[in-house]
Amino acid sequence: MFKCHVCALEESHTEFVNEIFQINGKFHLVERIPAIVCSRCGEESFSRETTEQIRVMLHGDAKPIKSISVDVFAYQPESKAS
């Protein structure tokens, strides 16, 4: 039975999601991951089996299906006038 660890709701649905993982300073995008998603807050959870398959894929010999370029911005809060 599902219970959201963020908001404690027990209602969820399944959805395919994309997730970015950072490993040794390098970013990896994994698409279409089957996830359990909380119906209230949207928190995503993955089964143990899915998590292990992703771990093996990213740390093993799997080759990416494509590469993309990503623009990077550094957030800089605006200074407030006194």
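All values derive from a computational prediction rather than experimental measurement. Reckoned from all heavy atoms, side chains included, excluding hydrogens, waters and symmetry mates.
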Should I54 and I23 be regarded as members of a common hydrophobic cluster, given that ILVMFWY residues are connected when their side-chain heavy atoms come within less than 4.5 Å of each other, either directly or indirectly? yes
Would you check if E15 and H13 make a side-chain contact, meaning some heavy-atom pair closer than 4.5 Å? yes
Output the distance between atom CD (E44) and atom SG (C4), rounded to the nearest 0.5 Å. 11.0 Å
Value rounded to 0.5 Å, distance of CD in E31 from CZ in F16: 12.5 Å
With a cut-off of 3.5 Å and sequence neighbours excluded, list every side-chain donor-acceptor pair involving residues 57-70.
none

Do you reckon I36 sits in the same ILVMFWY cluster as V17, going by side-chain contacts under 4.5 Å, direct or chained? no
Consider only side-chain heavy atoms of I, L, V, M, F, W and Y, link residues closer than 4.5 Å, and tell whether L29 and F27 are in one cluster. yes
Hey, could you give me the NE2/CD distance between H28 and E19, rounded to the nearest 0.5 Å? 13.5 Å
With no hydrogens and no angle check, is any side-chain donor or acceptor of N18 less than 3.5 Å from a backbone partner on I33? no
Smallest heavy-atom separation, A35 atom then F46 atom, equals CB-CE2, 3.6 Å
Stepwise side-chain contact (heavy atoms from CB on, under 4.5 Å) check, C41 with L9: CA-CA 9 Å; C41 73; L9 188 73; over 6 Å; no
Distance, nearest 0.5 Å, that separates OG of S12 from CE of M1: 9.5 Å
